[in-house]
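All values derive from a computational prediction rather than experimental measurement. Just so it is clear, the values below take in all heavy atoms, side chains as well, and ignore hydrogens, waters and symmetry mates. One-based numbering, in listed order, for ligands and for the atoms of each.
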Amino acid sequence: MARSLCQITDLTADELLELFDLCAQMKKGETAPKPFEGKSVACIFTKESLRTRVSFEVGIHELGGQALYITDKEIKLGQRETVADAARVLSRYVATIMIRTFAQSDVDELAEHASVPVVNGLTDLVHPCQILGDYFTAMEHLGKRDRYRVAYVGDGNNIANSWLNLASRLPLDLRIGTDEDCHPDADILKLAQANSDSRILITADPKEAVADADVLYTDVWASMGQKHLVEEKEEKLRKYQLNGSLLAAADPGAIVMHCLPAERNKEITDEVMDGPQSVVFDQAENRLHIQKAIMVFLLK
Ligand code: CP
Ligand code: NVA
C-alpha cells in the first residue's frame with residue numbers, strides 16, 4: 001500500500017514539518033522542477049470546486065504531469081463498480097489519485113486498495129489539504145511559533161475537524177466557538193484532546209473562543225451536501241459571525257482566515273474579509289504550493 005493523505009493524522013509531526021519545508025522550497029522554486037514528468041494524476045470530483053480543482057490541475061502541470069478531471073457522471077464511484085476495483089484499475093494508469101467526495105469511507109477504501117498515493121481533496125468529514133495550506137500561511141504571516149492560538153468560529157464541519165486533526169499532531173491552542181448542536185466529530189475531538197501538547201476548548205461563547213487569538217477562522221454555516229440545512233444552521237450560528245466586534249476581541253495582530261468560498265455578510269462580514277488582517281487570498285494561493293508538496297512527498 002502506498003502512503004496516502006486521507007486525513008492529516010496519516011502523517012507524523014516530523015513528516016508534517018518536512019512537508020512545510022518542502023512547501024516553502026516549492027514556493028521559492030528551489031525544488032526539482034518536473035518530478036511528475038510523464039505521469040498522470042486522476043482528479044475525481046463528486047462535488048463542486050474552484051480552488052481545489054484549479055490548484056491541483058495547475059500544480060500537476062507545473063510538476064510536469066497531466067491531470068485527468070473525472071466526475072461522478074463517468075465513473076459513478078461505488079455504483080458502476082466497487083470503490084476497491086476502481087482503485088485497482090486507476091493504479092494501473094496513474095501515479096496519484098486525488099478525490100473530493102462525500103463519504104470519508106470512500107476515500108479510505110480507495111487508499112486501502114490503490115497501489116498509488118490517494119490524496120483527500122475534501123470529504124464531509126475533513127479537508128486536509130486546506131488546513132495544511134492554512135498552517136503554512138499562518139507560519140508565513142505570524143512567523144514560526146511554538147503554538148498558535150487558533151479560534152475557529154462557526155459550524156463544526158470538515159474544516160473544524162481538520163484543525164482538530166492538526167492539533168493531534170502539532171501543538172495548537174485551538175478554540176472552537178460553536179452551538180452545541182454543531183459540534184465537531186466526537187472521535188476526532190477525542191484524538192486531539194489526547195495530545196497533551198495541544199489545548200482544546202469547545203465553547204458556545206464566541207468571545208471566549210477568540211480572546212487573545214492570533215488566527216481567526218470561519219467557514220460557511222452549511223457545507224456542500226448540507227445546503228438543505230441552511231436555515232437551521234443560520235439560526236444556530238448567527239451569533240458566531242466573524243465581524244468587527246469579534247475581531248476586536250482577538251489579538252490586534254491576529255490574521256483572519258476563511259477557506260473560501262465565503263457567503264459574504266453571513267459567516268463573515270465584508271469589513272473583516274476585505275480588511276487589513278485578512279489573508280484569505282494568500283490561503284487560496286498556498287493551496288497550490290502545499291498540494292504540489294503533498295504529491296511530491298507521497299510519491300517518494
Ligand atoms: N477551499 C476550497 O477547497 O475551495 P473549493 O471548494 O472551491 O475547491
Ligand atoms: N465546509 C465547506 C468547505 C468548502 C471548501 C464545505 O464542505 O462545503
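- One finds a salt bridge joining Glu15 and Arg3 here, because a Lys/Arg side-chain nitrogen approaches an Asp/Glu carboxylate oxygen to under 4.0 Å.
- In terms of protein heavy-atom proximity, atom 2 (C) of ligand 1 is closest to Arg287 NH1, 3.3 Å.
- Nearest protein heavy-atom neighbour of atom 6 (O) of ligand 1: Arg100 NH1, 2.8 Å.
- Between Leu122 and ligand 1, no N or O atom pair is found at a separation short of 3.5 Å.
- Here the shortest heavy-atom pairing between Asn286 and Gly133 reads CB-O, 4.1 Å.
- A salt bridge links Lys27 with Glu140: the closest approach of a Lys/Arg side-chain nitrogen to an acidic carboxylate oxygen falls below 4.0 angstrom.
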If you look at each N/O of ligand 2, which protein N/O atoms lie under 3.5 Å away, and at what distance?
{"unit_1": "ligand 2", "atom_1": "1 (N)", "unit_2": "Asn157", "atom_2": "ND2", "d": "3.3"}
{"unit_1": "ligand 2", "atom_1": "1 (N)", "unit_2": "Asn158", "atom_2": "OD1", "d": "2.8"}
{"unit_1": "ligand 2", "atom_1": "1 (N)", "unit_2": "Asp219", "atom_2": "OD2", "d": "2.6"}
{"unit_1": "ligand 2", "atom_1": "1 (N)", "unit_2": "Ser223", "atom_2": "OG", "d": "2.7"}
{"unit_1": "ligand 2", "atom_1": "7 (O)", "unit_2": "Asn158", "atom_2": "ND2", "d": "2.8"}
{"unit_1": "ligand 2", "atom_1": "7 (O)", "unit_2": "Ser223", "atom_2": "OG", "d": "3.4"}
{"unit_1": "ligand 2", "atom_1": "8 (O)", "unit_2": "Met224", "atom_2": "N", "d": "2.8"}

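- Residue contact annotation: Leu260 has a non-hydrogen atom under 4.0 Å from ligand 1.
- In terms of polar-atom proximity, defined here as any N/O pair under 3.5 Å, Arg53 makes no such contact with ligand 1.
- Here Glu18 pairs with Lys300 in a salt bridge; the nearest charged N to carboxylate O distance falls below 4.0 Å.
- For Glu62, the salt bridge (charged side-chain N to carboxylate O under 4.0 Å, His left out) partners two or more places apart in sequence, or in a different chain, are Lys292.
- The ring-ring contact (aromatic ring centres under 6.0 Å, His included) contacts involving residues 20-46 comprise Phe20-Tyr135, Phe45-Tyr69, where partners must be two or more places apart or lie in separate chains.
- Within the structure, the closest approach of His127 to ligand 1 falls below 4.0 Å when heavy atoms are considered.
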For residues 248-262, run the donor-acceptor check on the side chains, cut-off 3.5 Å, and write out each pair with its distance to 0.1 Å, sequence neighbours left out.
{"unit_1": "Asp251", "atom_1": "OD1", "unit_2": "Gly253", "atom_2": "N", "d": "2.8"}
{"unit_1": "His258", "atom_1": "ND1", "unit_2": "Leu260", "atom_2": "N", "d": "2.8"}
{"unit_1": "His258", "atom_1": "NE2", "unit_2": "Glu267", "atom_2": "OE2", "d": "2.7"}

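- For atom 4 (O) of ligand 1, the closest non-hydrogen atom on the protein side is Arg51 NE, 2.7 Å.
- The shortest heavy-atom contact between Ser55 and Leu288 is O-CD1, 3.4 Å.
- Under a 4.0 Å criterion applied to the non-hydrogen atoms of Cys259, ligand 1 contributes the atoms 1 (N).
- Between Leu50 and ligand 1, at least one N/O pair is under 3.5 Å apart.
- When all heavy atoms of Val210 and Arg175 are compared, the closest pair comes out as C-NH1, 4.2 Å.
- Shortest non-hydrogen contact noted between Gly143 and Tyr148 is O-OH, 2.8 Å.
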